[in-house]
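In what follows, residues are counted from 1 in the order of the sequence shown. We count ligands from 1, going down the list as the structure has it; atoms in each ligand are counted the same way.
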Amino acid sequence: MSEERQFYVPPGGPPRTSAPSPEIYAAMGDENIFAMLADFYQQLEASSIRGMFPKDMARASRKSAAFFVGLLGGPPLYHQKYGNPMMRARHMPFPIDEAARQVWLACFDAVLADAPEKYSFPVAHLPTFRDFLAGFSGWMVNTA
Ligand code: HEM
C-alpha cells in the first residue's frame with residue numbers, strides 16, 4: 001500500500017475574496033500589526049493545533065506579521081525577506097484539515113474581538129477582513 005499523502009484540493013479553487021483595504025495598514029502601522037500577530041500566535045500556542053507550529057512562537061509570529069503588513073496595505077516586508085509567498089504551497093508540509101482551519105479562525109477571531117481598542121484596527125473594515133480570512137483559510141486546507 002502506498003504511504004503517499006493524499007492532498008485535498010478545495011473544489012472552489014483559490015479564494016475570490018478581494019484583498020483587505022489598505023486603510024487598515026494606514027490606521028494601524030507596523031507596530032500594531034506585529035502586536036496583533038504576536039497575540040494571535042499566543043492564541044495558537046494555547047490551541048489544539050499548537051503542535052504544527054515551531055517551538056519559538058514569537059519568532060513565527062514576526063514572520064507572519066511581515067506578511068500581514070503587506071496584505072493590509074503596507075510595504076511588502078515578507079516578499080522582500082522571503083520571496084513569493086505562495087501561501088498554499090508553504091502550508092503543504094502541514095496537514096491542514098477543516099477542523100484545523102476552524103481552530104485557526106477561532107484563534108484569529110479571539111484577537112479581533114478587541115482589535116479596535118488594542119491595535120487601532122478600523123472597525124469599519126472588520127467584517128471584510130473576517131470574510132477575507134474565512135475565504136483565504138479555505139484555500140490552505142490540504143487534507144480531507
Ligand atoms: C487554515 C488554517 C491555517 C493553519 C492551520 C495554518 C498553519 C500554519 C503553520 C503550521 C505554519 C508554519 C509556521 C512556521 O513554520 O513558522 C504557517 C505559516 C504561515 N501562515 Fe498559516 N495557517 C493557516 C492559514 C493561514 C492564512 C489564512 C494565512 C494568511 C492570510 C496564513 C499565513 C501564514 C504565514 C504568512 C505563514 C508564514 C509562512 C512562512 O513560514 O514563510 N496562514 N501557517
Protein N, O or S within less than 2.8 Å of atom 21 (Fe) of ligand 1, waters excluded:
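As for protein N, O or S atoms lying under 2.8 Å from atom 21 (Fe) of ligand 1, they are His91 NE2.
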
Which heavy atom of Arg5 sits nearest a heavy atom of Phe94, and at what distance?
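Here Arg5 and Phe94 meet closest at NH2-O, 3.7 Å.
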
Would you please say whether a donor-acceptor pair under 3.5 Å links the side chains of Tyr119 and Asp114?
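Absent: no donor and acceptor within the cut-off.
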
Classify the contact between [X] and ligand 1 as side chain, backbone, both or neither, using a heavy-atom distance cut-off of under 4.0 Å.
X	value
Lys63	side chain
Ser137	both
Tyr78	side chain

Looking only at protein heavy atoms, which one is nearest to atom 9 (C) of ligand 1, and what is the separation?
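For this ligand atom, the closest protein heavy atom is Phe53 CE2, 3.4 Å.
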
Can you pull out the closest protein heavy atom to atom 16 (O) of ligand 1? Residue, atom name and distance to 0.1 Å, please.
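Of every protein heavy atom, Pro54 CG, 3.5 Å lies nearest to atom 16 (O) of ligand 1.
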
Among Phe68, Trp104, Phe53, which residue meets the ring pair (Phe, Tyr, Trp, His ring centres under 6.0 Å) test with Phe40?
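Testing each of Phe68, Trp104, Phe53 against Phe40, the sole residue satisfying ring pair (Phe, Tyr, Trp, His ring centres under 6.0 Å) is Trp104.
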
Is it the case that more than 12 heavy atoms not belonging to Gln102 sit under 6.0 Å from its CD atom?
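Enclosed: over 12 neighbouring heavy atoms sit under 6.0 Å from CD of Gln102.
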
Mind checking the CG-CD1 spacing from Leu77 to Ile33? Nearest 0.5 Å is all I need.
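Taking CG in Leu77 and CD1 in Ile33, the distance rounds to 9.0 Å.
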
Side-chain heavy atoms nearer than 4.5 Å, only ILVMFWY residues, links allowed to pass through others: does that put Met52 and Phe7 together?
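No, Met52 does not connect to Phe7 through the hydrophobic network.
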
Is there a path of hydrophobic side-chain contacts, each under 4.5 Å between heavy atoms of I/L/V/M/F/W/Y residues, joining Leu105 to Phe136?
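Yes, Phe136 connects to Leu105 through the hydrophobic network.
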
Is a donor on one side and an acceptor on the other found under 3.5 Å between the side chain of Arg101 and the backbone of Ile96?
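Here the side-chain-to-backbone pair does not exist.
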
What residues, two or more places apart in sequence or in another chain, satisfy ring pair (Phe, Tyr, Trp, His ring centres under 6.0 Å) together with Phe129?
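Phe129: ring pair (Phe, Tyr, Trp, His ring centres under 6.0 Å) contacts with Phe108, Phe121.
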
Under a 4.0 angstrom heavy-atom cut-off, which atoms of ligand 1 come close to Phe68?
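Those atoms are 29 (C), 30 (C).
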
